[in-house]
Asker: 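One structure, as structure tokens, below. Some questions next.
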Amino acid sequence: MTDASTILDGLNPAQRQAVTAAPGPVLVLAGPGSGKTRVLTRRVAYLIGVHGVDPHHILAVTFTNKAAREMRDRLEKLLGPGEAAALTVGTFHSICARFLRRDSIHLGRERDFAIYDTDDQLRVMKRVLRDLNLDEKKHAPRAIHAAISRAKNELIDPDAYSRHAHSYFEEVVARCFARYQELLRGANALDFDDLLVETVRLFEEHPAVLERYQERYGFLLADEYQDTNRAQYVLLKQLASRHHNIFVVGDEDQSVYAFRGADIRNILSFERDYPEAQVILLEQNYRSTQAILDVAQAVINRSAQRRRDKRLWTRNGEGVLVQVIEGYDQDEEAQLVAGEIARLIAGGAYQPGDIAIMYRTNAQSRAIEEALIARQAPYIIVGGTRFYERKEIKDALAYLRLALNPFDDISLSRVLNWPARGIGQRTQEDLERRAGAAAVPLYVMLHTLAANAEAAADQTTSPAPARTGEMPSRARNALLGFLTLIDESLDRRQTLSLGALMDWLFERVGFREALRREYGDEEGDDRWNNVMELRNVAEQYADLPLASQLSTFLEEVALVSDIDTLQEERNAVTCITLHQAKGLEFPVVFLVGLEEGLLPHARSADDRDALDEERRLFYVGATRAKERLYLLHAFRRATYGRTEIATPSRFLHDIPPDLLQRAPKRGYAAAQMVTGRAAALRNPRRNQAAPVSPHSAAPDGPRAISFFAGQKVHHAQFGEGIVVSSKLVEGDEEVTVAFVGKGVKRLLASFANLQHVGE
DNA sequence: GTACGTTCATTTTTT
DNA sequence: ATGAACGTAC
């Protein structure tokens, strides 16, 4: 049993107040680094340990799966594994999927529904456009889908949307919306947004079901409350409306998901919905140095929107000035980052795992990755081209999904002719047309064709397959072969474990051979190894009951996008988007691409609110740093293969110059100053053509040796030392120094800031 | 029906 | 720069 003093250990008065607040509505407004995750975790422990709440009655919602895992880990340490396991912790989406799996029968839906990811959703959308005879060129599937998604986040259904459609575009969306839902329904599939919408609908239409959940989850907690959209807000309200035991934590200044329907006003609504709510402010920052906080605040204070004023403060001291560094282009920017990382690590004060590189768009990660590889620095890229987005993985998953839910038209048409089995475009279209006409899933139509073929075969007198229309027998046989495959896998699913099912399926399909045929032996094997990696993941589900192995696996694959981080990469530099970085912290942070068009992003430039969101994004990124923050931008940047002159971000101008240290231009940036920008423009490829590797990129030309053995030197961190030796390495001076009591270190003179001492 | 070469658009950000 | 979608040749 955990007692109160353990739970409250090390908390400041405000945090303590939040943790110990009487059960009831509590709104915690917490700045970055104020220990909100800590407060949330302790609150759970407090409810259990002091109020005697059964952990089964606690539901904690986080924003990412990563945050969920972290919270569970922390609670395990605080409470012990048994009680921690009894809690329900997860994202809105995973929790809703869970509810629906259990109760969607009330909505007249089968429980083994498929969950469509972004790619699947787009495929459905294209199908919709074809069905409605709309031109893809004229009506961007993405734009229409985005509008539908936005509507769903606002809990607007196709009917309501249609009633309020005023423009031509909205009319089109309204029609697409209705058809889109029909197709999903027919495929027994839900998209991400539906998970929320359907759960809200379930609770709305079946009060008895809602009541059951209200009783089950008498205590609710939600992290990152500022990022909830309307659907999520309503869901929390439904669940909390009985007992009012809801504890939410948020920060207006860190709201960065408006594009997905997040509405900061939900914070205001909280106080309106629960007038008895306690509101607690957490303002002390435990994470960053004052230097870092000042920079972050300088940018956020220029917001157009009025904000509830928070005064962030810290006892961590001034710290090192925030550095601004300009690279010549994105490659040099990345090299400067990688070089600085190498120096920080060589200095001995930091490890790769202490360092993060953050960027606005995933596309920026490529240059970064190359530079890190060149430096041989260990790194992980969070997100990016995800494992589950690879074609071979999606194909493998499509087969598995069909084994669970054969009505899943998107998966079916995905692998209908992969590997090639004689079902061409024509046959596929024919099948789709027939299914469409009969308003049945493709799988059902396949069965119809099979039945008709059999009937025709029985009538020995008339060999002409009249009932099956004009379909040539070759095509029909190919289709029936595929049908047999699907039916066999439906069958095997009943008896085989997930792993065994995969082995059987991939063998039966000829997966490996197909990959080698298509991509050649080498790449084919690479891709096959990816599939085998998927096979390995399946082992984690071996302990579940046979009946739920496949469904649980597929659900987590769809919802746990950051499964890559499951492989808890040990001690590597983290490359991550600003959005994903929320909630994390690192001793050293590099923010790259601080340029107009990138941060703030061009898509947000003309909208005040969007611009504010970009500002908050900067704020989030900057406040991830504990000790050192670097802000980088490039003089020119390539986008879509075209390179353009880049303007430094306006956010840099919002920071008072005395808060920043501008690194002298080095490397290509310096060369470009010498040779003139015009010359640099005339020869944009000079960077690649230059005979120097990133290793040998001379920072500022050959540097003279300035340290000699026996000299006394002083270093900011290591103190007094004596030079052992010094030599030129890659154009920089590498000094080996024996420090008093700290041992022998090798340092780069250009960065270590070694001072000569005395004579 | 398939395989290959050309064109074209593509990039916010996430579950 | 890269990959998907389309057209043409086999």
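A note on names: the letters A, B, ... follow the listed sequences, proteins ahead of strands, and every chain is numbered from 1.
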Asker: Report which part of the nucleic acid A:T427 touches: base, sugar-phosphate, or nothing (heavy-atom distance under 4.0 Å, all strands).
Answerer: sugar-phosphate
Asker: Could you check how far CZ of A:R150 sits from P of B:dT14, rounded to whole Å?
Answerer: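 Distance check: A:R150 CZ to B:dT14 P gives 17 Å.
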Asker: Strictly below 4.0 Å: does A:T639 bring a side-chain N or O up to OP1 or OP2 of B:dT11?
Answerer: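 No, outside the criterion.
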Asker: Between A:R260 and A:A475, name the one whose nearest nucleotide on DNA chain B is closer to the 5' end.
Answerer: A:A475
Asker: Indicate whether OP1 or OP2 belonging to B:dT14 is found under 4.0 Å from a side-chain N or O atom of A:K582.
Answerer: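 No, because none of the side-chain N or O atoms of A:K582 sits under 4.0 Å from OP1 or OP2 of B:dT14.
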Asker: Write down the distance between CG (A:D191) and C1' (B:dT15), rounded to a whole number of angstrom.
Answerer: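 That distance rounds to 10 Å.
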Asker: Any Lys/Arg nitrogen of A:R637 or A:D331 sitting under 4.0 Å from an Asp/Glu carboxylate oxygen of the other?
Answerer: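 No.
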Asker: A:R426 has a side chain; which of B:dG1, B:dT11, B:dT15 sits nearest to it?
Answerer: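 The listed nucleotide nearest to A:R426's side chain is B:dG1.
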Asker: Taking only side-chain N and O atoms of A:Q580, does any of them lie within less than 4.0 angstrom of OP1 or OP2 on B:dT13?
Answerer: no
Asker: Just checking A:F92: base, sugar-phosphate only, or nothing, at a heavy-atom cut-off of under 4.0 Å?
Answerer: nothing
Asker: I need the CZ-C1' distance between A:R130 and C:dA5, as an integer number of Å.
Answerer: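 In whole Å, C:dA5 C1' and A:R130 CZ are 13 Å from each other.
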Asker: Would you please confirm or rule out a distance under 4.0 Å between OP1 or OP2 of B:dT14 and any side-chain N or O of A:N65?
Answerer: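 No, A:N65 has no side-chain N/O under 4.0 Å of OP1/OP2 on B:dT14.
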Asker: Evaluate the side-chain proximity of A:S303 to A:I300: yes if any heavy-atom separation is below 4.5 Å, no if none is.
Answerer: yes
Asker: Over 60° means perpendicular and under 30° means parallel, so tell me whether A:Y217 and A:F99 are parallel, tilted or perpendicular.
Answerer: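 The arrangement is parallel - the two ring planes meet at less than 30°.
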Asker: Hey, is the side chain of A:N417 poking within less than 4.0 Å of OP1 or OP2 on B:dG1, counting only N and O atoms?
Answerer: no
Asker: Assign A:R142 to base, sugar-phosphate, or nothing according to its heavy-atom contacts below 4.0 angstrom with the strands shown.
Answerer: sugar-phosphate
Asker: Rounded off to whole Å, could you give me the CD-to-C1' distance for the A:E555 and B:dT15 pair?
Answerer: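 Those two atoms, CD and C1', are 13 Å apart.
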Asker: Would you mind telling me which of B:dT2, B:dT13, B:dT15 lies closest to the side-chain atoms of A:A420?
Answerer: B:dT2
Asker: Tell me: CD of A:E224 to P of B:dT15, nearest whole Å?
Answerer: 12 Å
Asker: Please state how far atom NE2 in A:H93 lies from atom P in B:dT14, giving the value in whole angstrom units.
Answerer: 14 Å
Asker: Taking 4.0 angstrom as the limit, do A:D131 and A:R127 come out as a salt bridge?
Answerer: yes
Asker: So, using side-chain hydrogen bond (donor to acceptor under 3.5 Å, both in side chains) as the criterion, who are the partners of A:R401 when residues are at least two apart?
Answerer: A:D120, A:D408, A:S411
Asker: Distance check, P atoms only: C:dC6 and B:dT11, in whole angstrom units.
Answerer: 16 Å
Asker: Looking only at side-chain atoms of A:F259, point me to the closest of B:dT14, B:dG1, B:dT15.
Answerer: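 Selected nucleotide: B:dT14.
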Asker: Using modelled atom types and a 3.5 Å cut-off, is there a donor and acceptor pairing between side-chain atoms of A:R624 and backbone atoms of A:E585?
Answerer: no
Asker: Once you round it to whole Å, what is the distance between P of B:dT10 and CG of A:L122?
Answerer: 11 Å
Asker: Assuming nearest nucleotide by heavy-atom distance, tell me which of A:A363 and A:S94 is located more 5' along DNA chain B.
Answerer: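 This one resolves to A:A363.
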Asker: Counting side-chain heavy atoms from C-beta on, which of B:dT14, B:dG1, C:dT2 comes nearest to A:R366?
Answerer: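 Among B:dT14, B:dG1, C:dT2, the one nearest the side chain of A:R366 is C:dT2.
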Asker: Regarding A:K391, tell me which of base, sugar-phosphate or nothing describes its non-hydrogen contacts under 4.0 Å with the strands shown.
Answerer: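 Result for A:K391 = nothing.
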Asker: Send over the distance from A:R390 CZ to C:dT2 P, rounded to a whole Å.
Answerer: 16 Å
